[in-house]
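Here's the structure, in C-alpha cells; my notes come after.
We name chains A, B, ... by the order of the sequence lines, and we start the count at 1 in each one.
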Amino acid sequence: MSRQSTRIDLEKARRIQMFIAKKVLEEDDFDAPIKYVGGVDVAFKSKYSIGAVVVLDFEKLNVLERKFYVSEVNVPYIPTYLAFREIRVMVGAIRKLSIKPEIFLVDAHGKCHPRRAGEATHLGVLLNVPTIGVAKSYLTGRERADGFIVDDNEVLGYRLKPNVYVSIGHKVSLQTAIEIVKKLTVNEIPEPTRQAHIYAKEVKDKLII
DNA sequence: GCGACAG
DNA sequence: ATCTTGTCGC
C-alpha cells in the first residue's frame, strides 16, 4: 500500500501551535555580542525534502559551515501548518552542526502567524534556541503605515522590505530581531537565509533520485 | 458561505 | 515550494 500524503490532524496540530506560542520568550536571551549566526531553509525534490543550514560569521558574513539533512516527506503544504512539513529536516541539519550559532534566521514567519506559532517560532521553542522569522511574503495581519504588521492590537512583525517580513521566533525581541536582520542584509534577502537557500538548491541539484 | 493563505 | 524557455538587462 502506498499513500502520497499523510494528512495531519489539524485539530491536534493547532493545539500544538497554541502550546508552542505559550512557551515563547520575547526577550533577548543569547550570548552577546553575536559571533555566529545560522540560516535555515528547505528545498524539495520529488518526494524528498532537503533541510539546509549554514553558519556565518556575524561580522564578516562569510560562510563557515554548511550541513544538510534529507528525508521523505508525506505531509502536504497547508497554509499556517508549514512547520509540520518542514521542521523535521531543519532539525536534522542543525543537529549536524559543529559550530553552535547564538541565533538562527529561519526562512518563514515566526510570531507573525494566526496562532503566533509560525515555523521560526516552532523551531526555536522545539530546540530551545533563539530564532528570527524571515519570510518573503504575506501570511496574516494588517500592515500599518509604519511597516509593522498588527492583528488584534498586537504587533506581530515588521515589513523591512517589499519581500522581507521580520518577526520574532524565540528568545529575542522584535526590535532586536529587526536590528539583527538589518545588519545581516547586503542584498534583498538577508545573508543567512539567502545562503541557506543557495545551499539547499545546490544539494538538491546534486541529489540523485 | 466567501476570501486569504509562509514554503 | 516545484515545473519550465526564452528573454530582458547590468
Discussion item. Using a 4.0 Å cut-off to any heavy atom of chain A, which nucleotides of DNA chain B are the first and last in contact, reading 5' to 3'?
Written reply: B/dC5 to B/dG7
Please work out if [X] contacts a base, only the sugar-phosphate, or nothing of the nucleic acid, heavy-atom cut-off 4.0 Å.
X: A/K45; value: nothing
X: A/H122; value: nothing
X: A/A108; value: base
X: A/T80; value: base
X: A/Y165; value: nothing
X: A/Y81; value: base
X: A/A120; value: nothing

Worksheet item: Pairs counted as Watson-Crick or G-U wobble with both distances under 3.5 Å: what dot-bracket string results for DNA chain B, using | for bases tied to another strand?
Response: .......
Take the protein atom [atom1] of [X] and the nucleotide atom [atom2] of [N], then report the distance between them rounded to whole Å.
X: A/K47; N: C/dA1; atom1: NZ; atom2: C1'; result: 18 Å
X: A/Y77; N: C/dA1; atom1: OH; atom2: P; result: 11 Å
X: A/D107; N: C/dA1; atom1: CG; atom2: C1'; result: 10 Å
X: A/I209; N: C/dC3; atom1: CD1; atom2: P; result: 10 Å

Worksheet entry | Close side-chain approach of A/L61 to A/L184, heavy-atom, < 4.5 Å | yes
Discussion item. Between A/I168 and A/I132, is there a side-chain heavy-atom distance shorter than 4.5 Å?
Written reply: no
Fill in: Row check, A/Y81 ring normal vs A/R115 NZ/CZ: under 6.0 Å, within 45°
yes
Worksheet item: Within the structure, does a side-chain N or O atom of A/K204 lie under 4.0 Å from either OP1 or OP2 of C/dA1?
Response: no
Taking 4.0 angstrom as the limit, do [X] and [Y] come out as a salt bridge?
X: A/K182; Y: A/E179; result: no
X: A/K35; Y: A/E59; result: no
X: A/K201; Y: A/D41; result: no
X: A/E154; Y: A/R116; result: yes

Practice prompt. Give the ring-plane orientation class for A/Y158 versus A/F148, where under 30° counts as parallel, over 60° as perpendicular and anything between as tilted.
Written response: tilted
Practice prompt. Using only heavy-atom distances, determine whether the side chains of A/T193 and A/D107 contain a donor-acceptor pair under 3.5 Å.
Written response: no
